[in-house]
2 protein chains.
Amino acid sequence: MLSKKTKYAINALVYLAREQSKAPVQISKIAESERIPRKFLEAILLDLRNAGMLSSRKGKTGGYYLLKSPDEINIAEVVRLFEGAIALLPCVAHKYYERCEECKNEEVCGIRDVFADVRNETVNMLKNATLSNILERERTLENDSAEKS
Amino acid sequence: MLSKKTKYAINALVYLAREQSKAPVQISKIAESERIPRKFLEAILLDLRNAGMLSSRKGKTGGYYLLKSPDEINIAEVVRLFEGAIALLPCVAHKYYERCEECKNEEVCGIRDVFADVRNETVNMLKNATLSNILERERTLENDSAEKS
DNA sequence: TATAATTCCTATTGGATTAATAGGAATTAA
DNA sequence: TTAATTCCTATTAATCCAATAGGAATTATA
C-alpha cells in the first residue's frame with residue numbers, strides 16, 4: 001500500500017496539472033480542495049519542490065506551481081521519492097537495490113525471478129502514467145459515465 | 001516492499017515444495033536452511049497452517065508439510081495472507097477494498113484508474129507464480145548459468 | 001511409563017515508521 | 001508597516017515490524 005503521503009502528493013500534483021494556471025496556488029487552497037491536512041501538505045510540497053517537480057513563490061500571493069510540464073512528471077518518480085523502491089523485494093530494485101540477507105544465491109532464485117517480472121511491469125505502467133495521462137484518463141472516465149446515464 | 005514475514009513465508013513454502021518429502025520437516029531444519037530466525041518462523045508456519053496451505057504433526061518426529069500440491073499454492077495467496085491487499089491503493093483492492101477517504105469521486109478518478117491497471121497486472125503475475133512455477137524458474141536459471149560457464 | 005523432542009499458544013519488547021501538529025523564522029506584495 | 005504566505009525544525013501519539021520468551025500440549029520411543 002502507498003502511504004498517505006504519497007497519495008496526497010499525487011493528488012496535489014494532479015490538482016496543479018488540472019489548474020494549468022501560471023499563477024502559484026496556495027497550499028491552503030490545494031489542501032482544502034483535495035482534503036489534505038494543511039500542515040502535512042506543506043511538508044509534502046516542500047519535498048516535491050526539492051525534487052524539482054514544483055517551484056514556489058514566497059510571501060503574500062505566494063504558492064506552488066508545476067516546474068516541469070505535466071507530461072514530464074510521472075507517477076514512478078513520485079512513488080520513488082516518497083516510498084523508496086517500487087520493487088516488492090530489495091534484490092530486484094534498480095535505484096534502491098539491496099541484497100536479501102537471507103538469500104543463498106541471487107542468480108538462481110526463482111522467487112526473485114517472479115518479483116523481477118512484477119517490478120518491470122509495474123515500473124513500465126507507472127512511467128507511462130504521467131500527469132497528462134491521468135487527466136486524459138479522467139476525461140475518458142467522465143465521458144463513459146455520462147454516456148451511461 | 002514485502003515484509004520479512006512474507007518473504008520468510010515464501011522461502012519456507014518453496015523449501016517444502018523442493019523437498020517433496022511426505023515426512024514432516026522440522027521447523028529448525030527449515031529455519032537453518034533458509035536462514036530464518038527459528039521462533040519467528042514458528043509463528044509464520046502456524047499462520048500458513050491456519051490458512052490451509054500447510055499441515056503439521058506434533059510431538060517427536062513432528063514437523064510441517066505441504067497440504068496442497070505445489071501447483072495449487074500461489075504467491076498471491078501468500079502475499080494477501082501476510083500483507084493484506086496486493087493493490088497499492090485501498091480503492092482498487094478486491095478482497096480488502098476500502099474507499100479512499102480523501103477521494104471526491106471514485107468513479108472518475110484517473111489515479112485510481114492507473115493503480116487498478118497495476119493491481120490487475122500484479123495479481124495476474126502472482127497468481128501464475130505457483131510453487132511449481134517457481135521451482136521451474138529455478139531450474140531454468142540454473143541451466144542458464146551453467147551454460148554461461 | 002518416563003523422557004526427549006517437537007509443535008502450539010500467548011505475551012512482551014525495542015525500534016522504526018507513519019501521519020500528523022506546533023511554533024516561529026523568513027519572505028514578499030501592497 | 002502589515003498581512004499573508006512559504007520555509008524549517010522539533011515533537012508526538014499511534015501503529016506496525018521483527019523478533020524473543022516461556023511454557024503447555026502432544027507424541028515417538030527406550
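Chain letters run A, B, ... following the sequence lines, proteins first and then strands; every chain starts at 1.
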| task | Dump the intermediate steps for salt bridge (charged side-chain N to carboxylate O under 4.0 Å, His left out) on A:Glu34 and B:Lys104, then the final yes or no. | result | CA-CA 8 Å; A:Glu34 299 301 310; B:Lys104 284 185 281 185; 3.6 Å; yes

| field | 5'-most by nearest nucleotide on DNA chain C - A:Lys60 or A:Thr6 | value | A:Thr6

| Closest to the A:Lys58 side chain, choosing from C:dT28, D:dT20, C:dA20 | C:dT28

| said: I'd like to know if the side chain of A:Ser132 reaches the main chain of A:Pro70, judged simply by a donor and an acceptor atom lying under 3.5 Å from each other, with no hydrogens or angles considered. | reply: yes

| When the distance from CZ of B:Phe40 to P of D:dG22 is rounded to whole Å, what number comes out? | 19 Å

| task | Report the distance from atom CG of A:Leu54 to atom P of D:dC7, rounded to the nearest whole Å. | result | 10 Å

| task | Evaluate side-chain hydrogen bond (donor to acceptor under 3.5 Å, both in side chains) for A:Asn133 paired with A:Arg137, printing each intermediate quantity in order. | result | CA-CA 6 Å; A:Asn133 174 258; A:Arg137 285 169 184 261; 2.8 Å; yes

| request: May I have the step-by-step check of side-chain hydrogen bond (donor to acceptor under 3.5 Å, both in side chains) for B:Arg38 and B:Ser28, ending in yes or no? | output: CA-CA 6 Å; B:Arg38 158 89 207 301; B:Ser28 32; 4.9 Å; no

| field | Rounded distance in Å - CG (B:Leu45) to C1' (C:dT7) | value | 10 Å

| message | Any side-chain N or O of B:Thr61 below 4.0 angstrom from OP1/OP2 of C:dT6? | response | no

| Is the distance from OP1 or OP2 of C:dC8 to the nearest side-chain N or O of B:Arg49 less than 4.0 Å? | yes

| request: Specify the separation, in whole Å, of atom CZ of A:Arg57 and atom C1' of C:dA26. | output: 16 Å

| field | Residue B:Lys4, side-chain heavy atoms: nucleotide from C:dC8, D:dA19, C:dA20 that is nearest | value | D:dA19

| Which nucleotide in D:dA18, D:dC7, C:dT28 has an atom nearest any side-chain atom of A:Lys39 | D:dC7

| said: Taking the nucleotide of DNA chain C with the nearest heavy atom to each, does B:Asn50 or B:Gln26 sit closer to the 5' end? | reply: B:Gln26

| message | As a test of reading the structure: which of D:dA19, C:dA20, C:dT7 is closest to the side chain of B:Arg38, going by heavy atoms? | response | C:dT7

| query | Would one find more than 12 heavy atoms of other residues, nucleotides or ligands at under 6.0 Å from atom NZ of A:Lys68? | reply | yes

| query | Over how many whole Å does the gap from B:Glu42 atom CD to C:dT12 atom P extend? | reply | 18 Å

| field | Euclidean distance, atom OH of residue A:Tyr8 to atom P of C:dT18 [Å, nearest integer] | value | 14 Å

| task | Please report, rounded to the nearest Å, how far the P atom of C:dC8 is from the CD1 atom of B:Ile27. | result | 7 Å

| query | Tell me: CD of B:Glu101 to C1' of C:dA19, nearest whole Å? | reply | 11 Å

